[in-house]
Amino acid sequence: MARFCITTPIYYVNDVPHIGHAYTTIAADILARYHRMLGDDVFFLTGTDEHGKKVEQAAAAQGRTPRDLADSVHGRFRDLWRTLNISNDDFIRTTEDRHRRTVHDFWSRAKAAKDIFLGDYEGWYCTPCETFWTEKELIPESRPASELENAGTLMEGPVDPTGEISLPERQETIWRCPTCRRPTEKLRQPSYFFNLSGRWKYLVEHFEQHPDAIQPSSRRNEILAFLRGEDLRDLSISRTDFQWGIPVPDDSRHVIYVWFDALVNYLTATHYSPGREDFWPASIHLVGKDILRFHTVYWFAFLKSAGFPPPERVFAHGWWTVDGQKMSKSLGNVVDPFEVAQKYGTDPFRYFLFREVPFGQDGNYSNRLLEARINGDLANDLGNLLSRVVQVASKHFLDSRIPASTTHDPSTLGQDGTLLLVRREQVKKAYLDALGRIELQAALEAVWDLVREANGYVDRSRPWEHRGTPRGTASLLELLESLRFAGVLLQPFMPGISNRILHQILGREIFGSSSRPSEPETADLDRPYPFTKGCSIVKGAHLVERLDLASAVGSRESGGVPAAKMEQGGTLPKQAGVPTKEAKVTETTSNTITTSTITIDEFRKMDLRSATILEAEEVPGSKRLVKLKVDLGGESRQVVAGIRHVYTPAELPGKKVVLVANLAPAKIMGVESQGMVLAATDGDTLSLLSFDRDVGPGRKVK
RNA sequence: GCCGGCGUAGCUCAAUGGUAGAGCGAGGGUCUCAUAAGCCCUAGGUCGGCCGUUCGAUCCGGCCCGCCGGCACCA
């Protein structure tokens, strides 16, 4: 049995999950499910990266411990993976003991190889914040603050990735701290370094000799160009200016820094886990293109030093834009995967991400594009094919049962007799080739070649006109077999939809929750027409409901919500196991009220209060944000609201408003917001909710 | 500035030394088993521009323009 080990990056808990995290993890899930389907011994790893300065600071700002913050964001990731039907075998957290032990051992190995030494790290230090900043994070005097706000990352990966020793001189510019905007100064701190320069030769030779080690090939060329172009600088791998991390062995003043901690997770869950030793080296590390260098240059060098073989390959995928725009928090267009999955269904979302764009390239997300895929590909082509075939078959065969005595005689079909058979063989080959090359889009395209062919075949063979005849039986068996093919081939991509296809045509499910076939012989594409051994046709609900797009007038915003309405707690994960309607429409911008219902208990979770606005001022650099100080009756709160395009700060003090008082605090453009002010929106305008009687501040709204 | 990639039908993209295809959208037709789905037909596109090589170039080479990515640098 072949072994297959696939990993996602571990996601930094400084950020809530977004479409980029979902993309990487679903891709890994598809490949893991595919290999389980093939019968391979699979290990699929994901996790969270929980250490570092940013987490320590973010936690402090919220008055919580780093552990507490890490726990809650970690929980959000777990919820998302459940919502997206991710079949990971392990979920590692860098704060676990097992990981600390690995890192210590790994460190000792590199040290024994004389690749770790103590030196000085020179960086830009903000004394009031007690923080070192990298060049990229600093604000130069001449640069407007707004540019910085747009620098939000699109993808996972610890920020502050570069730990190189020396920074160029900056004499003309004052470099300011991104948090407090005070000038920083260049300062030295002791730091341990990794001898990256000493591994230069190994890296170049390895990547030259293993052309498949980095994919796509354009990315490999970039890494090789990087290696050949510049001398590698040794890498700072410890810090003394924060505590939240794994201490350096025998020198607890230092904490192990970013990559030397994070990358090692892949070994913790494999080589260092009893019974899983054989899963190292990993078959594939899936990463976003922004963290490719760390997963190739740094990671391969670390492994070499510590005496481990490198992963077989590292695959870098692209990024998603939203409605053609870069996704960023300040634009408020971040796509929340919970929301998309809830609104359109997990399987359609998974399908879209890998059908729309070649894996490796950048793609554009929009609700409109997703809806087009749902109606065109899933409902019209695939879903309708299933409906029409199942309908005819259930009438053709007595009591919807295909008896075990059934024989298949393609010779009754004339010149179309082997048409679908030939197409199935082509499609199978194309699909297997594509997945072998991690070309996920091509694999799905192959399946649709078969679906289209089958739809045409239904029209030409007209099986409903041959009810009860061998010819009708033969054409239906060809169609059912083609649907079985599609169902099996789609299992890794859309496990739920795949199971429902197979259930309708076989009367039972043949895949387990992890996509390992529970009936290997029935799932086997090389054993055609299992129907002839007897089965039931089960007419079920529509596979994918068509979306009614006629009412969609005007703009359809795809991502996010205005900052003031941002739901920091996120949407609740969709309840699993409800296989009726996979997709339904809700319009963020229209007035159609089609949101799912909530219970009175769910509503009561919200603490709504009357509040009086005391002060209001603009949030610098923002277009719409206003920082409010509100009175809750003895308690005052700071709240950020996106209302400046309608209300000027001057007119706000004194207004009575409705506040969501128990919303988790959040930072919006760097400003703490401890609640949310309610307003009705109508296109570009909005109206704050107020009271038509005199009500004191802090009163319950229900 | 250096390196790499791209620029083809309204959109997204594919292919090929002998003047180009797919999907979607749009228009027309048709069936009725089916989720007003399916199926069939319809795009006459200077294949970014110019110059070369060649009997012949969209595909080879050079230059230019535009876009994207990586690196460096400037601020």
Side-chain angles (χ1 to χ4, degrees), chain A residues 135 138-144 147 162 168-175 214 216-232 288-290 292-293 296-297 316 318-319 321 324 326 352 355-358 360-364 366 368-396 416 439 441-442 444-449 451-467 472 475-476 479 483 504 537 539-550 580-584:
Chain A
E135 214 176 334
L138 294 170
I139 308 170
E141 181 77 312
S142 53
R143 188 191 292 183
E147 281 184 35
T162 45
E169 294 292 330
R170 299 276 175 206
Q171 290 175 338
E172 305 294 324
T173 315
I174 298 168
W175 296 88
I214 305 174
S217 59
S218 56
R219 298 289 162 197
R220 169 179 174 262
N221 293 340
E222 284 177 9
I223 294 294
L224 275 170
F226 168 77
L227 284 169
R228 290 178 181 132
E230 281 281 312
D231 290 339
L232 287 178
K289 62 183 183 180
D290 55 329
L292 177 63
R293 194 191 299 170
T296 51
V297 178
W319 283 355
T321 55
K326 186 174 169 177
F352 173 82
R355 175 60 182 80
E356 187 69 11
V357 172
Q361 293 183 24
D362 289 353
N364 182 38
S366 81
R368 195 181 53 76
L369 291 168
L370 172 53
E371 287 160 4
R373 287 290 174 197
I374 289 172
N375 276 2
D377 297 358
L378 296 181
N380 294 354
D381 291 347
L382 180 65
N384 184 50
L385 174 68
L386 178 70
S387 289
R388 60 201 306 214
V389 170
V390 163
Q391 168 70 12
V392 180
S394 67
K395 288 186 176 165
H396 179 92
D416 272 356
E439 293 176 7
Q441 184 194 41
L444 286 172
E445 281 171 347
V447 177
W448 258 258
D449 282 345
V451 170
R452 275 187 244 281
E453 190 74 64
N455 265 321
Y457 181 82
V458 176
D459 282 318
R460 273 178 280 116
S461 67
R462 309 173 69 79
W464 55 91
E465 291 180 358
H466 304 279
R467 188 179 298 177
S475 76
L476 281 171
L479 287 164
L483 276 166
Q504 290 200 29
I537 305 292
K539 266 202 285 182
H542 289 156
L543 192 65
V544 175
E545 211 61 60
R546 275 180 64 79
L547 302 174
D548 177 13
L549 305 181
T580 48
K581 289 191 177 179
E582 275 288 334
K584 66 171 188 277

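Each chain gets a letter, A, B and so on, in the order its sequence line appears, and its residues count up from 1.
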For RNA chain B, the dot-bracket pattern of Watson-Crick and G-U pairs whose distances stay under 3.5 Å, | for other-strand partners: (((((((..((((.......)))).(((((.......))))).....(((((.......))))))))))))....
Pairwise 5' ranking along RNA chain B for A:E356 and A:E453, keeping only the more 5' one: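 Nearer the 5' end of the strand: A:E356.
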Position toward the 5' end of RNA chain B (nearest nucleotide), A:A379 or A:I223: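 It is A:A379, whose closest nucleotide lies nearer the 5' terminus.
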Can you check the [X] [atom1] to [N] [atom2] distance for me, whole Å?
X: A:H542; N: B:G38; atom1: NE2; atom2: C1'; result: 14 Å
X: A:N380; N: B:G38; atom1: CG; atom2: C1'; result: 9 Å
X: A:L479; N: B:C33; atom1: CG; atom2: P; result: 16 Å
X: A:R368; N: B:U12; atom1: CZ; atom2: C1'; result: 11 Å
X: A:K395; N: B:C33; atom1: NZ; atom2: C1'; result: 8 Å
X: A:R388; N: B:A37; atom1: CZ; atom2: P; result: 13 Å
X: A:L370; N: B:U12; atom1: CG; atom2: P; result: 19 Å
X: A:L547; N: B:A36; atom1: CG; atom2: P; result: 13 Å

List the residues meeting side-chain contact (heavy atoms from CB on, under 4.5 Å) with [X], not counting sequence neighbours, and say none if there are none.
X: A:R220; value: A:P211, A:I214, A:L224
X: A:N221; value: none
X: A:E465; value: A:R462
X: A:V392; value: A:P463, A:W464, A:L476

Non-hydrogen atoms of A:D381 and A:V451 that approach each other most closely: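 Here A:D381 and A:V451 meet closest at O-CG1, 3.5 Å.
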Residue pair A:E545 / A:N375: nearest heavy atoms and the distance that separates them: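 In terms of heavy atoms, the two residues are closest at O-OD1, 4.5 Å.
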Listed pairs, N/O of protein and of nucleotides 4-10 of chain B, under 3.5 Å:
none

Do any N or O atoms of the protein come closer than 3.5 Å to N or O atoms of nucleotides 21-32 of chain B, and which pairs are they?
unit_1, atom_1, unit_2, atom_2, d
B:C31, O2', A:R462, NH1, 3.3

Rounded [atom1] spacing from [N] to [M] in Å:
N: B:A43; M: B:G21; atom1: C1'; value: 12 Å
N: B:C67; M: B:G62; atom1: P; value: 22 Å
N: B:G10; M: B:C71; atom1: P; value: 36 Å
N: B:U19; M: B:G23; atom1: C1'; value: 24 Å
N: B:G44; M: B:A9; atom1: P; value: 13 Å
N: B:C59; M: B:C6; atom1: P; value: 13 Å
N: B:U46; M: B:G7; atom1: C1'; value: 15 Å
N: B:G61; M: B:C24; atom1: P; value: 35 Å

Test side-chain hydrogen bond (donor to acceptor under 3.5 Å, both in side chains) applied to A:N380 - qualifying residues, sequence neighbours left out: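 Checked A:N380 against side-chain hydrogen bond (donor to acceptor under 3.5 Å, both in side chains); matches are A:R546.
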Partner residues of A:H466 under the side-chain hydrogen bond (donor to acceptor under 3.5 Å, both in side chains) criterion, sequence neighbours left out: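 A:H466 satisfies side-chain hydrogen bond (donor to acceptor under 3.5 Å, both in side chains) with no other residue.
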Residues A:R388, A:D459: salt bridge by 4.0 Å N-O rule: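 Salt bridge flag = yes for A:D459 with A:R388.
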Salt-bridge present (A:E222, A:R293; N to O < 4.0 Å):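 No, this pair does not count.
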Results of salt bridge (charged side-chain N to carboxylate O under 4.0 Å, His left out) for A:D449 - residues two or more places apart only: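 Partners of A:D449 by the salt bridge (charged side-chain N to carboxylate O under 4.0 Å, His left out) criterion come out as none, since no residue qualifies.
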With A:E453 via salt bridge (charged side-chain N to carboxylate O under 4.0 Å, His left out) - residues at least two apart: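 A:E453 satisfies salt bridge (charged side-chain N to carboxylate O under 4.0 Å, His left out) with A:R423, A:R460 once adjacent residues are dropped.
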A:L479/A:V458 under side chain to side chain contact (heavy atoms under 4.5 Å, CB included): CA gap, chis, key distance, verdict: CA-CA 8 Å; A:L479 287 164; A:V458 176; 3.6 Å; yes
With 3.5 Å as the limit, what N/O pairs link the protein to nucleotides 66-69 of chain B?
unit_1, atom_1, unit_2, atom_2, d
B:G69, O2', A:R219, NH1, 3.4
B:G69, O2', A:E222, OE2, 3.0

Exercise: do A:K539 and A:Q504 side chains pair donor with acceptor under 3.5 Å: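 No - no donor-acceptor pair under 3.5 Å links their side chains.
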Minimum-distance nucleotide to A:Q391 side chain [options: B:A34, B:G38, B:U35]: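 Within the option list, the nearest is B:A34.
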A:R293 side-chain proximity, nearest of B:C33, B:U35, B:C71: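 Nearest to the side chain of A:R293 among the choices is B:C71.
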Touch class at under 4.0 angstrom, heavy-atom based, for A:A225 against every strand present: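 Nothing, no nucleic acid heavy atom in range.
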Spacing of A:L378 atom CG and A:L370 atom CG [to the nearest 0.5 Å]: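 The CG atom of A:L378 sits 9.0 Å away from the CG atom of A:L370.
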